[in-house]
Each structure stands twice: as structure tokens, then as C-alpha cells.
Number of protein chains: 2
Amino acid sequence: MAIKKEKVSKELILEAARNVFIEKGFDGARMQQIADRAGANKALLHYYFSTKESLFEDVFKEAFSTFAPHFHDELLKVKSFKSFLVFFLDIYIKLLLNHPYLPLFILSELQRNPDKLAQIVKGIVDFELIQQMIKKEMDDGNVVKMDVRELIVNILSLCIFPFAGRPMMQRVLWKNDEVGYVNFLNQRAESIYKFLESTLFINN
Amino acid sequence: MAIKKEKVSKELILEAARNVFIEKGFDGARMQQIADRAGANKALLHYYFSTKESLFEDVFKEAFSTFAPHFHDELLKVKSFKSFLVFFLDIYIKLLLNHPYLPLFILSELQRNPDKLAQIVKGIVDFELIQQMIKKEMDDGNVVKMDVRELIVNILSLCIFPFAGRPMMQRVLWKNDEVGYVNFLNQRAESIYKFLESTLFINN
DNA sequence: GTCTATAAAAGGATAGAC
DNA sequence: GTCTATCCTTTTATAGAC
């Protein structure tokens with residue numbers, strides 16, 4: 001590929017590494033495959049990123065940063081938890097629809113190497129402000145009182161699991177109807193909101 | 001280990017394989033490590049299970065069978081969805097507490113090799129009866145009407161994600177307080193039930 | 001049935017030409 | 001900056017003795 005500019009190669013490799021690592025995980029990824037997909041040579045990967053480990057870390061850092069819920073100012077400026085929730089679900093589900101393999105990748109790799117990757121993760125996510133905001137809403141009597149962290153886990157569960165668990169859920173519940181499952185995912189933001197808003201049981 | 005009986009070795013190897021595969025995944029697992037942990041020789045693994053792939057399949061099949069929700073007769077004989085839910089949550093969360101690495105293992109491996117493993121999975125899980133049961137409860141007006149599969153996904157999300165997402169959740173929400181997170185998991189069955197039973201929002 | 005030794009292949013990394 | 005060729009280590013798998 002003699003046509004390519006200098007800086008472009010590095011980006012092509014990173015792009016290829018992103019795809020391969022996220023699809024196969026660190027252990028399953030092959031430098032050769034990354035090179036192939038980047039249209040480059042294996043040696044070039046080492047020229048730019050020295051080791052597989054180091055290339056992976058770059059990918060992971062970026063991926064985690066994408067995956068972690070971010071609470072920008074606009075999101076925190078909403079006037080109630082209810083509107084925050086609508087806003088957040090919309091943004092976050094859209095993100096997951098665009099990066100469906102991210103959840104399982106992040107969770108698996110964090111499991112594989114918690115100590116090292118925890119370092120990388122440090123400082124990227126901050127649930128402090130959002131926890132305070134929810135707590136206030138509970139104190140004000142706008143939201144049912146419960147452990148705030150638990151509530152956050154519940155919301156994230158409902159968002160993330162349908163993506164991370166897709167290989168299983170689509171098969172056993174949707175009988176491998178791919179289109180049907182995609183529809184389900186597309187409506188997910190709205191569904192979660194409705195589910196949370198309603199009571200599950202009618203009597204008693 | 002000349003003391004061991006013939007049949008015992010095979011079981012020891014399988015036991016070791018279970019641990020290593022579930023902890024590291026197929027790609028990260030090493031036959032050497034399995035041999036070491038079984039107190040046996042690498043060659044012996046091949047004697048009993050021929051290939052790594054085939055040994056893995058045995059482990060996966062068993063693991064999936066454990067992980068998949070089973071609806072025994074007792075579970076289906078309960079008189080309402082409400083009591084079914086209490087019963088199911090109790091059983092399933094206990095299972096996950098005993099096998100905390102199962103969810104991520106199953107989900108990752110299904111992702112890695114969907115076609116092959118889907119074959120293995122076939123027939124192990126059956127949500128038909130439970131879907132019918134829930135549907136009837138909705139028709140009878142005992143449960144809020146909604147897509148049944150969606151309801152099942154929601155319940156499974158709330159059960160499974162806290163385990164699969166532990167490396168992340170424990171760090172960012174519990175500030176790596178291991179004891180606190182274990183407490184959270186121990187109360188999970190009850191928490192989920194309460195969460196589902198209550199309405200999230202008080203006003204409106 | 002269990003071991004040692006070794007083959008055979010894969011995969012990460014480096015040297016050196018251009 | 002990019003390539004070819006090659007080294008070195010790891011890892012699966014097998015042959016063959018006991």
C-alpha cells in the first residue's frame with residue numbers, strides 16, 4: 001500500500017485492532033489477522049505499538065471510555081430524575097446499538113485481568129454526581145426510596161444484558177429470529193422506561 | 001499419582017478442565033495448566049479426551065446445562081406467577097452465588113463460536129411452558145400485560161448482570177468494597193423481588 | 001492407564017534491507 | 001515508514017516405553 005500517507009497506517013492498524021480485539025478478545029486475537037485486516041505487515045504493528053499487550057491496552061482504554069456511561073452537563077442539568085432517565089436511556093441504548101460487542105468485550109477483559117485493567121479504568125467513570133442527584137429525588141419524595149447503587153445496577157442490567165446476552169437470548173427466546181431480536185433492541189429504551197414506570201403486579 | 005484408581009483420573013481431569021476453562025475461556029486456557037491442576041500428565045488429557053476442543057465441549061455442555069434456568073415440575077406447579085417468581089429467584093440466585101463465573105463464561109463462549117455451540121445448547125433450555133404460564137396470568141389480570149419474552153429478559157437481566165458485570169460494578173459503584181458487594185449479591189433475590197413489586201416513581 | 005520425549009505448528013517479536 | 005525473512009518460545013498433539 002505505497003499510496004498511503006505515513007500517519008494513516010497507524011490509524012488503520014488501530015482500527016483493525018479494535019475490530020479484532022473486540023470480536024475475539026485478547027487471547028483469541030492474532031497479530032497476523034490484525035495486520036491482514038489493516039492491509040499491512042505484522043512487523044509494522046510492532047513498529048507502531050511495540051507489543052500485542054500494548055496495542056491491546058490502547059484499544060481497551062478507548063473501548064472502555066466509549067462503553068462507560070458518561071454524564072455530561074446537559075444530562076445532569078435536567079430538572080428531574082424522570083427526565084434524566086428518558087434522556088439517559090435514549091443516549092445509552094443508541095450507543096449500544098452502535099457498538100453491540102462492546103459490553104461482552106469489556107466485561108470479559110476486566111474479568112481476565114482485573115488488576116491491570118482496573119488501573120486503566122480508574123477515573124474514567126464517575127457515578128458520584130448522579131448518585132447524589134438520585135438521592136435528592138428520593139428525599140424529595142419523587143422516587144421510591146431504595147439503595148441508590150442498587151437502582152443504578154438495575155437500570156444498567158436492563159440496558160446491557162440484552163446486548164451481552166444476545167447470543168443466548170436470541171436463540172432460546174426468539175428462536176433465532178434475528179430481525180425480531182433487532183426490533184426488540186431498537187425499542188429497548190422505550191421498553192425499559194415503560195417497564196420501570198409500571199408496577200409489575202396488578203392485584204395486592 | 002500411582003495411588004489413584006483408573007476411573008478417578010478422568011474425573012480429576014474434567015474437574016480441573018472445568019475450573020481452568022471457566023476461569024480463562026477456551027482461548028486463554030492451557031492444557032498444561034489443566035494437567036497440573038489435575039495432578040496428571042498432559043498426554044493423559046489427550047488419552048481421555050483426544051483434543052482440547054473436545055474436552056472443552058464436554059465442559060461447556062455441562063456448564064450450560066447448569067447455567068440455563070430449569071423449570072422443574074415443582075416450579076411449574078406453583079399456583080401463581082408471584083409465587084413462581086419468589087421460588088425461581090431464590091433458586092437461581094443461589095445457583096449463581098455458587099457458580100459466579102458461569103454467566104460470563106457461557107456468554108463469552110457463545111459469542112466466540114455461536115454456530116458450533118448453538119448445536120450443543122439445543123434442547124437444553126425450554127421456556128415454552130413458562131411463557132404460557134405467564135401469558136395466562138396476564139390474561140387473568142394478575143400481571144401487567146406486556147411482551148412475555150421481554151419480561152423474561154428483564155428478570156434474567158436483573159439476576160445475571162450483577163454477576164457478569166461484577167468486575168465493573170464492584171469497582172465503580174462499590175469502590176472495590178468486596179464484602180459490600182458480596183452482601184449485595186447475597187440479598188439479590190429479595191431485592192429483585194422488591195424492585196419488581198414496587199413502582200419506581202411515586203408521583204404521576 | 002500413565003509417563004517421557006518429541007514432533008509439528010502457531011504466534012509474537014526482531015533484524016536488516018529498501 | 002514498510003517490507004521480507006527469520007528467530008524463539010509456546011502450545012497442541014503424538015509416539016512409544018513401562
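Naming: A, B, ... by sequence-line order, numbering from 1 per chain. Predicted model only: the values in this text are computed from it and were never measured.
Atom CG in B:D27 sits about 14 Å away from atom C1' in D:dT12, given to the nearest Å. Note: CG (B:N41) to P (D:dG16) measures 17 Å, nearest angstrom. Following rounding to the nearest Å, B:L45 (CG) and C:dT4 (P) show an atom-to-atom distance of 13 Å. Between A:I13 atom CD1 and D:dC3 atom C1' the separation is 12 Å, expressed in whole Å. Note: CD (B:Q32) to P (D:dT12) measures 9 Å, nearest angstrom. D:dT14 atom P lies 15 Å from atom NZ of B:K52, rounded to whole Å. Here D:dT12 presents its P atom at 11 Å from CD of B:Q33, a figure rounded to the nearest Å. Per the geometry, CG belonging to B:L44 stands 19 Å off P belonging to D:dC18, to the nearest Å.
Look at A:H46 and you won't find any side-chain N or O under 4.0 angstrom from OP1 or OP2 of C:dT14. In this structure, B:S50 does not reach the D:dA13 phosphate: none of its side-chain N or O atoms is under 4.0 Å from OP1 or OP2. Residue B:R30 places at least one side-chain N or O closer than 4.0 Å to OP1 or OP2 of D:dT12.
Comparing atom distances between the A:T51 side chain and each of D:dT12, C:dA13, D:dT4 picks out C:dA13 as nearest.
A cation-pi arrangement is present between B:K10 and B:F49, with the terminal nitrogen or guanidinium carbon under 6.0 Å from the aromatic centre and inside a 45° cone about the axis. Both cation-pi conditions hold for A:R112 and A:F56: the charged atom is under 6.0 angstrom from the six-membered ring centre and inside a 45 degree cone around its axis. Judged by the 6.0 Å and 45° rule, B:K77 forms no cation-pi pair with B:F87.
Closest-nucleotide positions on DNA chain D for A:Y47 and A:A43 were compared, and the one nearer the 5' end corresponds to A:Y47.
Around atom CD of B:E53, more than 12 heavy atoms belonging to other residues, nucleotides or ligands sit under 6.0 Å away. More than 12 heavy atoms of other residues, nucleotides or ligands sit less than 6.0 Å from atom CD of B:E74.
A:K42 contributes a side-chain N or O that forms a donor-acceptor pair with the base of C:dG12 under 3.5 Å.
Within 4.0 Å (heavy atoms only), A:A35 reaches no atom of the nucleic acid at all.
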